[in-house]
Amino acid sequence: MKRQRILVAYGSKHGATAGIAQEIGRTLEQDGFETDVVPAAEVRDVTEFDAVVLGSALYAGHWQRDALHCADRNAEALAARPVWLFSSGPTDDSAERHEIAPVRGAAKVMEHLHARGHVTFGGSITSETPGWVAHALVRHGKGGDHRDPEHIRAWAHGIASELRPPHPA
Ligand SMILES: Cc1cc2nc3c(=O)[nH]c(=O)nc-3n(C[C@H](O)[C@H](O)[C@H](O)COP(=O)(O)O)c2cc1C
């Protein structure tokens, strides 16, 4: 039987969100799906996919423009297929302690696309992250890699089980 294809698209400034998207893609591949993991800016046509996962890094409470534009550009086709959203993310353990609601822009995307779910994963700022804000946060002990592979994989398995046709009894 032909494998279902899932697009995992992401808006990432410094790579942490790209890493989350890759983990989601790997997990879905292990669960039997064919996946393409691509930057949101490169997404042109989603109609060849059976489902889409779209995620973005959060900066000052906003999704990345690339991810928002991707959602807008493909709104009609996305609204017609199963879509899940994710955000990344707090650089502390808050995303692991409780669910974090989508920021306003992501909530709007959810509504427009009738997305099936949204999750906020922990993010990452390390001494490698460029920019003075990142450097200042790291210097003040507010950085670190808070991406939790178990959380990411569990969420992706949830998508797989929603998409997989039920096994015959
Ligand atoms: C200037 C700046 C602003 C940030 N603003 C937020 C924010 O509003 N909410 C949040 O959860 N994380 C915030 N973060 C943390 C980033 O979202 C986190 O580091 C993310 O994983 C970065 O993803 P990227 O490497 O894919 O760009 C901010 C980080 C920086 C450097």
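Numbering of ligands and ligand atoms starts at 1, following listing order. Only this structure's heavy atoms are used, side chains among them; waters, hydrogens and symmetry mates stay out.
Remark: H14 pairs with no residue by the ring pair (Phe, Tyr, Trp, His ring centres under 6.0 Å) rule, at least two apart or across chains. Looking at residues two or more places apart in sequence or on another chain, you find a side chain to side chain donor-acceptor pair (under 3.5 Å) between H157 and D31. Not counting sequence neighbours, the partners of D145 by the salt bridge (Lys or Arg N to Asp or Glu O under 4.0 Å) test are R147.
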Quick one: do Y10 and I20 satisfy side-chain contact (heavy atoms from CB on, under 4.5 Å)? Show the steps, please.
CA-CA 9 Å; Y10 59 88; I20 293 173; over 6 Å; no
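Tested against F49 for a side-chain contact (heavy atoms from CB on, under 4.5 Å), the candidates D36, V8, V43, L78 yield a single pass: D36.
Using a 4.0 Å heavy-atom criterion, the residues that approach ligand 1 are S12, K13, H14, G15, A16, T17, A57, L58, Y59, A60, G61, S88, G89, P90, T91, G123, S124, I125, V133.
Note that CZ of R81 is 12.5 Å distant from CD1 of I6, once rounded to the nearest 0.5 Å.
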